[in-house]
There are 2 protein chains.
Amino acid sequence: MTMISKAACIGGGVIGGGWIARFLLAGIDVDVYDPHPEATRIVGEVLANAEKAYAMLTGAPLPPRGKLAFRETLEQAVAGADWIQESVPERLDLKRKVLTQIDAAAGPDALIGSSTSGLLPTDLQRDMRYPERLFVAHPYNPVYLLPLVEIVGGEKTSTETIQAAMERLPPIGMKGVHIAKEIEAFVGDRLLEALWREALWLIKDDICTVETLDDVIRYSFGLRWAQMGLFQTYRIAGGEAGMRHFLAQFGPALQWNWTKLMDVVDLDDALVEKIGQQSDEQADGLSIRELERIRDENLVGILQTLKGSHDGKGWGAGKLLKEFEQGLWAAAGGGKKLWDAGQPLRLIETKVSPAWVDYNGHMTEHRYLQVFGDTSDALLRLIGVDFAYVERGHSYYTVETHIRHLAEAKLGRAIHSTCQVLSADEKRLRVFHTIYDTATGEAIATGEHMLLHVDAKAGKAAPAPEEVLSKIRPIAEAHEKLPVPEGAGRHVGQKR
Amino acid sequence: MTMISKAACIGGGVIGGGWIARFLLAGIDVDVYDPHPEATRIVGEVLANAEKAYAMLTGAPLPPRGKLAFRETLEQAVAGADWIQESVPERLDLKRKVLTQIDAAAGPDALIGSSTSGLLPTDLQRDMRYPERLFVAHPYNPVYLLPLVEIVGGEKTSTETIQAAMERLPPIGMKGVHIAKEIEAFVGDRLLEALWREALWLIKDDICTVETLDDVIRYSFGLRWAQMGLFQTYRIAGGEAGMRHFLAQFGPALQWNWTKLMDVVDLDDALVEKIGQQSDEQADGLSIRELERIRDENLVGILQTLKGSHDGKGWGAGKLLKEFEQGLWAAAGGGKKLWDAGQPLRLIETKVSPAWVDYNGHMTEHRYLQVFGDTSDALLRLIGVDFAYVERGHSYYTVETHIRHLAEAKLGRAIHSTCQVLSADEKRLRVFHTIYDTATGEAIATGEHMLLHVDAKAGKAAPAPEEVLSKIRPIAEAHEKLPVPEGAGRHVGQKR
């Protein structure tokens, strides 16, 4: 895996803005060229949504955000960039012109990706001097949450370019899939276009409304496809009889009149108006902004669910998220992180996600313990108890916890946690965490925890090795000099 | 909403088995007729999967499972049933014969649904004496988790039948959508068939493999469609410019060569073998059983995520789940539940879900508090502090918690919780919960909690009303006679 060092984005609409957000949040500087008068506003809005979504998506330490600069000319934007992403409107003549201009201004080793959703890379690269570094990198909206990028090469694209492009996507949280042969609309939009054309017929012929059609999708195969695709779903449906046997059953249906796609629908004014009206009714008063927020919150929750899937190994887009986070933790350097001896450690920064609140908009009880648990995990990484350490068979387990609720953590509030080590010996580690409202500085909850160092295989307490103790000792010694926090040592119901 | 009182299932394969599970788990007795020698085994397997899934899906109190009986004849099975579901193989002559036989044996008011995925209800009802009560009720696999049922009437189906069918689905956790006009394959399978035919071309033409195609779906639009469908997604993508403007942009693409669907793919032996081989590679050694388990766990997690969406109001399939659970709680009768004064209350029964464990297969720290929180909620419902009570502006908030971890809760283990009331006065309620491994009886964790009765609007403690106190008092008095549980009143790190 290789990290992009500087990115340039030519075109900053909704798609370009999504790419910009992916780069910036991965710590990569981005230069943008877009002559559109509203480009700054649009990119700003996409970036704000992306930051909100990332704050909910992951508790892993994001690197410092990359620097964003809008440039006066295309040439200024591409200078020094090693990944240049073109996201201008979908017209071959325009894209060809812009790509040729990028080609002339960019360093010869720069990778040039096009966001086109349908044009052939061979057509796009026709007039380029170094056509071998041009490829299609087709993302999906919202680009900052949906990980897919279809990577498609043209006749002149080099194998090295494809490989380099594929390698640079996981560090920005994205999944490249290499499409073996170029065809118009590639794979994703081919599938979408087929389903879309059929959907238009169903609306035009009054078989159902757009709301019913959407419900048919999201109460059935949409739930399947968030985690397994078409073929794997059918593999399971086929059961023990096997995929080949199952496919044989499909044969007859292909001859049946189960689609109108032998004919093209006419998307005339009447059909546009019909869909428009039905879509207004379906929205039921929710604005685009509200729908966008609900969509993003749902996507975040689904991605987090898939991260915990397959016995914690992660599945599909959730596995990708897990690996992305592991990269972030590794990059943050675990035990190399600096700390200030004069105060408790500041460890977790997050936001109260919609998945965490009850219908009152208050954070649910057990989510407090989740933040306290994450705080303990962050402390453990700081003293060298990281993924690798745990995999070698030792860990710290929490054996006892005391929580006080002092105020409410409300939906969307930025919160952070601190940790004061109360005592540490060979086996035991007693810590006191506090969750604060970051804006007001108010303490929202405290958590006191006793952790035991264990031999996980033997299933019993064991002394921590010197490599760990040598890291916890200076923190414990520094924290001993701090005042004992109010509430430490309390039992439930104790008088103040 | 009306509850089915007795169901009959004619045909007990994977789809019939799914219906059987839906009915039984909603507390409805089911009589089954299926002459297939393996019917009992297949239904048993589907039912086992469904029970596992439900145990993870919801903590709401399921009613006692309905009684399952396999009958010797179709006539015996349908006797006394008010919903009869036909799920025999997809051949018009066979279905017509079976439906006519059901029609002759069933009471005249019974609803008769067919699971057909493509045949027209008008064709199915042709020979029936009471054709007005025949409709298509087309579900999606796995039927016990995907909520969608397409309800389609034929020429002779009555409006009352459609309405009665739609009303009977939410109490079994399903979502009926009424398809306005009958066409072959209805709506869902039309959309699927269009996408499927295009997918077959993409594989046949070597544009990509089945694994790549599945990845394209599940890393992009599959994530969208679990929560919003096609049109609402495009509404958002269109942004402020509006749906009509956005649609106008689609016009040209309809004329482009973006699909091969003007032609039908030949699913010949070579293509079947190619897909079979690629599917084997994609499965990467996972058996159908393992894939099934992963699929179900993912679906459970996605449904739970959507239940918390839209500021806790629920969204799409998650909103349906939320309403289903509210129905279960209401049916369980809240404060009317009996309790035994001689021991702690037994309140929560659940299983350690895969979404709850870390990669060691141990339940994650904060999930213990989730079970304790659910236990407190169950106690509160028992004393009349239910949804309606909270909506009127008062509630109990947890202010302090003490947890001890005594053993590990492992993946898939059945666990239950008990509650002993330690003390109760006008405002305060101090409780002691224990989580047990249900099979071994071993105590896994204890939680001591102080709850305060609050006026939620004023945001401060307030005395509970007599209607609540009168219910908590007898429990508190009975529990005072029990021994004080070991560990009550402990602070973190206290010597034993």
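Reckoned from all heavy atoms, side chains included, excluding hydrogens, waters and symmetry mates. By convention in this document, chain letters (A, B, ...) are assigned in the order of the sequence lines, proteins followed by strands, and residues within each chain are numbered from 1. Since this is a predicted model, take the numbers as computed values, not measurements.
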For A:R428, what residues pass the salt bridge (charged side-chain N to carboxylate O under 4.0 Å, His left out) criterion, not counting sequence neighbours?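 Testing A:R428 for salt bridge (charged side-chain N to carboxylate O under 4.0 Å, His left out), a comparison that skips the adjacent residues, returns A:D425.
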At a heavy-atom separation under 4.5 Å, does B:I183 approach chain A through its side chain, its backbone, both, or neither?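 Just the side chain, heavy atoms under 4.5 Å.
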Identify which part of B:I203 has an atom lying under 4.5 Å from any heavy atom of chain A, answering side chain, backbone, both or neither.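 Just the side chain, heavy atoms under 4.5 Å.
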Run the side chain to side chain contact (heavy atoms under 4.5 Å, CB included) check on A:M228 and B:D214 step by step: do they pass? CA-CA 7 Å; A:M228 291 183 185; B:D214 277 4; 6.0 Å; no
Check: A:E297/B:S309 side-chain N/O donor and acceptor closer than 3.5 Å: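 Looking only at side-chain atoms, B:S309 and A:E297 do not form any donor-acceptor pair under 3.5 Å.
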Determine whether the side chains of A:H402 and B:E400 contain a donor N or O and an acceptor N or O closer than 3.5 Å.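 Yes - a donor-acceptor pair under 3.5 Å links their side chains.
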Can you see which heavy atom on [X] is nearest to which on [Y], and at what distance?
X: B:V177; Y: A:V216; answer: CG2-CG2, 3.8 Å
X: B:H491; Y: A:G489; answer: CB-O, 3.1 Å
X: B:L191; Y: A:L195; answer: O-CD1, 3.6 Å

Donor-acceptor under 3.5 Å ([X] side chain, [Y] main chain):
X: A:R190; Y: B:A199; value: no
X: B:K181; Y: A:D205; value: yes
X: B:D206; Y: A:A180; value: no
X: B:Y140; Y: A:F221; value: no
X: B:R404; Y: A:T401; value: no
X: A:R235; Y: B:S279; value: yes

Hey, does [Y] have a side-chain heavy atom less than 4.5 Å from the side chain of [X]?
X: B:D374; Y: A:H366; result: no
X: A:M243; Y: B:I275; result: yes
X: A:P142; Y: B:I236; result: no
X: B:H310; Y: A:L286; result: yes

Between B:W196 and A:Y234, how do the two ring planes meet: parallel, tilted or perpendicular, split at 30° and 60°?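 Ring orientation of B:W196 relative to A:Y234: perpendicular.
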Looking at B:W315, does the NZ or CZ of A:R218 lie under 6.0 angstrom from its six-membered ring centre and within 45 degrees of the ring axis?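 Yes, A:R218 sits over the ring of B:W315.
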Nearest-0.5 Å distance, [atom1] of residue [X] to [atom2] of residue [Y]:
X: B:I294; Y: A:Q232; atom1: CD1; atom2: CD; result: 8.0 Å
X: B:H405; Y: A:Y397; atom1: NE2; atom2: OH; result: 12.0 Å
X: A:Q304; Y: B:I302; atom1: CD; atom2: CD1; result: 13.0 Å
X: B:L202; Y: A:F186; atom1: CG; atom2: CZ; result: 12.5 Å
X: B:N298; Y: A:L306; atom1: CG; atom2: CG; result: 5.0 Å

May I ask you to name which of B:Q370, B:H449, B:Q282, B:M450 has the most heavy-atom pairs under 4.5 Å with chain A?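 If we count pairs closer than 4.5 Å to chain A, B:Q370 comes out on top.
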Pairs of heavy atoms under 4.5 Å with chain A: top-ranked of B:L200, B:I207, B:L146, B:V272: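 Max contact count across the listed options: B:I207.
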How would you list, by chain and number, every residue that makes a side chain to side chain donor-acceptor pair (under 3.5 Å) with B:Q494, sequence neighbours excluded?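 For B:Q494, no residue satisfies side chain to side chain donor-acceptor pair (under 3.5 Å) once neighbours in sequence are set aside.
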Give a yes or no on whether the ring-centroid distance for B:W225 and A:Y219 is below 6.0 angstrom.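 Distance test on ring centres: not under 6.0 Å, no.
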Verdict with reasoning, A:L369 to B:I403, per side chain to side chain contact (heavy atoms under 4.5 Å, CB included): CA-CA 11 Å; A:L369 185 52; B:I403 297 169; 3.9 Å; yes
